[in-house]
Engineer: 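Before we start, here is the structure in question, set down as structure tokens.
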Amino acid sequence: MKGVANKAAPAFQRAIELNSPSAEPYDSLATLQIQRGRPRQALSTYTRGLAKAGHDPRLYSGKGIALTHLRDYPAAAATLDSALALTPDD
């Protein structure tokens, strides 16, 4: 699995560099960053994704998870609430 992640990360980064308006590469790269124990990097990636791709519940949810890893529980709760507000039926 580590080899696949090592190959995928540059592809996600390249999609971001090409100014992709999609939330997908931001979410995927940040998920890998969390899995690699880099929640601060993931937080930055999610924040950039939200600025570029708009209000996507996956990005808010992931950002909340990153904040949880950083032990910023109040910010994590508020961010996860934002994700839930965007998907009230889920």
Side-chain angles (χ1 to χ4, degrees):
M1 184 68 161
K2 186 177 178 181
V4 172
N6 287 337
K7 291 179 184 177
F12 299 139
Q13 187 62 46
R14 181 72 177 137
I16 291 168
E17 290 168 3
L18 292 172
N19 290 317
S20 172
S22 171
E24 189 69 32
Y26 293 97
D27 184 44
S28 297
L29 179 60
T31 298
L32 286 176
Q33 291 166 333
I34 287 174
Q35 291 172 349
R36 292 175 172 173
R38 299 177 182 152
R40 286 198 193 285
Q41 265 187 321
L43 179 60
S44 175
T45 300
Y46 282 121
T47 300
R48 287 184 294 135
L50 285 164
K52 181 69 177 181
H55 298 290
D56 186 292
R58 293 172 297 171
L59 297 176
Y60 280 107
S61 179
K63 184 176 179 178
I65 291 167
L67 287 163
T68 300
H69 282 272
L70 294 169
R71 301 183 193 278
D72 187 346
Y73 302 117
T79 304
L80 292 169
D81 284 344
S82 294
L84 288 173
L86 292 171
T87 56
D89 297 330
D90 288 348

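What you are looking at is a predicted structure, and each value in this text was computed from that prediction instead of being measured. Quick note: numbers below take in every heavy atom, side chains included, and nothing from hydrogens, waters or symmetry partners.
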Engineer: Quick one: name the residues clustered hydrophobically with L70, using the 4.5 Å side-chain heavy-atom rule over I, L, V, M, F, W, Y, and just say none if it's on its own.
Structural biologist: L43, L67

Engineer: Give every residue pair that meets the salt bridge (Lys or Arg N to Asp or Glu O under 4.0 Å) criterion with at least one member in residues 64-80, sequence neighbours excluded.
Structural biologist: none

Engineer: Could you pull out the closest heavy-atom pair between A42 and Q33, with the gap in Å?
Structural biologist: CA-OE1, 3.2 Å

Engineer: Report the distance from atom CG of L50 to atom OG1 of T45, rounding to the nearest 0.5 Å.
Structural biologist: 11.0 Å

Engineer: Less than 3.5 Å apart, which donor and acceptor atoms pair up between the side chains of residues 55-63 and the rest of the protein, not counting sequence neighbours?
Structural biologist:
unit_1, atom_1, unit_2, atom_2, d
H55, ND1, Y60, OH, 2.6
D56, OD1, R58, N, 2.8
D56, OD1, R58, NE, 3.1
D56, OD2, R58, NH2, 3.0
R58, NH1, E24, OE1, 2.7

Engineer: Over all heavy atoms of both residues, which pair between S22 and P25 is shortest? Give the atoms and the distance, please.
Structural biologist: O-CD, 3.4 Å

Engineer: Would you check if the side chain of S82 reaches a backbone N or O of A78 as a donor-acceptor pair within less than 3.5 Å?
Structural biologist: yes

Engineer: Do Y26 and L80 sit in one hydrophobic cluster, given that two such residues count as connected whenever their side-chain heavy atoms are within less than 4.5 Å of each other, even indirectly?
Structural biologist: no

Engineer: Please tell me if the side chains of R48 and S44 come closer than 4.5 Å, counting only heavy atoms from C-beta onward.
Structural biologist: yes

Engineer: Report the distance from atom CD of Q41 to atom OH of Y46, rounding to the nearest 0.5 Å.
Structural biologist: 12.5 Å

Engineer: Excluding sequence neighbours, so at least two apart, what forms side-chain hydrogen bond (donor to acceptor under 3.5 Å, both in side chains) with R38?
Structural biologist: none

Engineer: For T68 and A76, work out which heavy atoms get closest and say how close.
Structural biologist: OG1-CB, 3.5 Å

